[in-house]
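In what follows, a structure is listed as structure tokens, so that the remarks can point back to it.
Counting convention: from 1, in listed order, for ligands and their atoms alike. For the numbers below, each heavy atom of this structure counts, side chains included, while hydrogens, waters and symmetry mates do not.
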Amino acid sequence: MSGELIVVSNRMPTAAVPSGGLVFALHETLRKTGGIWIGADPEHHASPAGQLKKIGDQTFYKRLAFEISEEDHETYYLGFANSVLWPVCHRRGDLVQMSRSFEEGYRRVNRRLAEQIVNVAGPNDMIWIHDYHFFPLASDLRSLGFAGKLGFFLHIPFPALGDLGALPSSANLAQWLAAYDLVGLQTRSDVARCLEMFRSETDAELMPDGKIKYGDNRVAVRSFPIGIAVDAFVAAAKETFEHAELDGDLKDDLVIGVDRLDYSKGLPNRFRAFGRYLETRKDRSRRPSLLQIAPPTREEVSAYRDIRHELEELSGRVNGENAALDWTPVRYIHRNIDRDVLAKLYRQARVGLVTPFADGMNLVAKEYVAAQDPEDPGVLILSRMAGAAEDMTQALLVNPYDIEEMSEALAQALDMPLAERKRRHAHCMEQVKNTDVLRWNESYLAALKESRSTFSWAKFYSNGAESNV
Ligand code: GDG
């Protein structure tokens, strides 16, 4: 008898129909298949409950929340997940904050969540766990006797072997990942780095079927490049754009950037490159605007406050040096913009500027391409370090550390002839369609269904444990 699909992610939408790329796609999947979505309760509790609780709309599938305390939030979420794992995975070992309490909080929340999941999961259920908040969850679920299929998808870059050294020694990524049946990563380069990690482990062995054998476990590691809900995005972008929504000087030569305000997104260098372009542009009558939308995120972490101050200072400087009475070169919006407005702004923009230092995929690059008018498309400037660059090779690929190169790419993009814009856009759009998020969902789940559960009941009983599923 086949079981239910259970999705686990730190953030879970509570609205009947959630907005946003990934969340919307997982919602669409669960709407079709039914099942359960488990996520963290946004409220913090002095004594977190021992069971999952229903939260939000329950129409098509169950939404169950696990409670966390203020201390859990500080140690598991802000601490280990976002001050250790996030910087390590984004090649910023210098920003790692070490604290035993972070490690303990991370392990405590994962173990507690595993206990709560086995109380609701049936033996044939298939659990799909998302992202770095839950690396050890499969290992915890297996030790409690869960025997169904366990899948994992990492949305952020898989760290290089050298960067893994910045993790505390209690974080055994290889052992944690080996407890899954299928580990999904964004790109082929991520898979290569993950395999390199396993190769460096004496307990791991690459099997003829491509799986990794680690102790008694066998895990498959594959890339599943994520995308956007293409049709929905194209439709939103096509709606008549109200020019009244923009000030006069935003209508021409608009360059757009959209990113959570995160140090991995390379925003200061982007502002510097735009400033450099303004200084060196040949046609001084040209007055491009950079519209940077950067909603706040994780502001309790000091590295995020630092990047905010740096950006405010830089946007002030570029404007101070270049603005005219009737022209503001940099528009920096530090808040969330409605998704439909965003889609239309992308379509209006001549250039999409996506320049992260490290990024699992980067959906903004795909949204920008999908939003363009194919008969008069804008140009995507894309960092080589974004996962999206692996397939979108006809974007203008740049090194996000090279201000001069990015400034030259801006000049090239703003002057690009229509025929070249159309050719590059058509190629990028093909890649966007190939990775439509609904297809991504289906292909991952099909691969997870086919994967054989690594769990050994014989071993479990021989250890004298009792089943509680
Ligand atoms: C992680 C990985 C991977 C941004 N500002 C606003 C807004 N957004 C939306 C964008 C886009 C999404 O947020 C950001 O997605 P990204 O992929 O660019 O980046 P992360 O948030 O870091 O996501 C990343 C992704 O997971 C999926 O696997 O691609 O590499 O880091 O959809 O449009 N949306 C609205 N207003 C804003 O102001 N409505």
_Identity of the nearest option to atom 39 (N) of ligand 1, non-hydrogen atoms only, from Leu342, Asp359, Ile337_ = Ile337

*Any atoms of ligand 1 less than 4.0 Å from a non-hydrogen atom of Val364? List them with their elements.*
10 (C), 18 (O)

_Validation row, ring centre Phe153 to ring centre Trp440 under 6.0 Å_ = yes

*Any ring-ring contact (aromatic ring centres under 6.0 Å, His included) pairs touching residues 332-353, not counting sequence neighbours?*
Phe233-Tyr346

*asked:* Minimum heavy-atom separation for Leu311 and Pro268, please, with both atom names.
replied: CD1-N, 3.7 Å

*Check Val88 against Pro159 and note the closest heavy-atom contact, atom names and distance.*
O-CB, 4.0 Å

_Atom indices of ligand 1, in the order listed, that fall short of 4.0 Å to a heavy atom of Lys265_ = 18 (O), 19 (O), 20 (P), 22 (O)

*Establish, yes or no, whether a centroid distance under 6.0 Å links the rings of Phe357 and Tyr263.*
no

*Excluding sequence neighbours, so at least two apart, what forms side-chain hydrogen bond (donor to acceptor under 3.5 Å, both in side chains) with Tyr61?*
His27, Arg63

*Looking only at heavy atoms, is any part of Val258 under 4.0 Å from ligand 1, and if so is it the side chain, the backbone, or both, or is it neither?*
side chain

*Does Phe158 have Arg193 sitting over its ring (NZ/CZ under 6.0 Å from centre, angle to axis within 45°)?*
no

*Heteroatom distance test (Met361, ligand 1): nitrogen or oxygen, under 3.5 angstrom*: yes

*Taking N or O atoms only and a 3.5 Å limit, does Asp338 qualify as a polar contact for ligand 1?*
no

*asked:* Check Arg188 with Asp391, please: is the shortest side-chain N to carboxylate O separation under 4.0 Å?
replied: yes

*Residue Ile293 vicinity, atoms of ligand 1 by number, heavy atom under 4.0 Å*: 38 (O)

*Numbering the atoms of ligand 1 from 1, which are under 4.0 Å from a heavy atom of Arg339?*
32 (O), 33 (O), 39 (N)

*Any nitrogen or oxygen of Leu363, main chain or side chain, under 3.5 Å from a nitrogen or oxygen of ligand 1?*
yes

*Of the listed options (Asp131, Ile228, Asn336), which comes nearest to atom 37 (C) of ligand 1 when hydrogens are ignored and any heavy atom counts?*
Asn336

*If you count the atoms of ligand 1 from 1 in the order shown, which ones are under 4.0 Å from a heavy atom of Glu367?*
10 (C), 11 (C), 32 (O), 33 (O)

*asked:* Distance check, rounded to the nearest 0.5 Å: Ile226 atom CD1 versus Lys366 atom NZ?
replied: 8.5 Å

*Taking both backbone and side-chain atoms of His155, is any N or O found less than 3.5 Å from an N or O belonging to ligand 1?*
yes

*Should you measure from each heavy atom of Gly360, which atoms of ligand 1 turn up under 4.0 Å away?*
30 (O)

_Quick test of your reading of the structure: of Arg260, Lys366, Gln186, Arg335, whose heavy atom lies closest to atom 3 (C) of ligand 1?_
Gln186

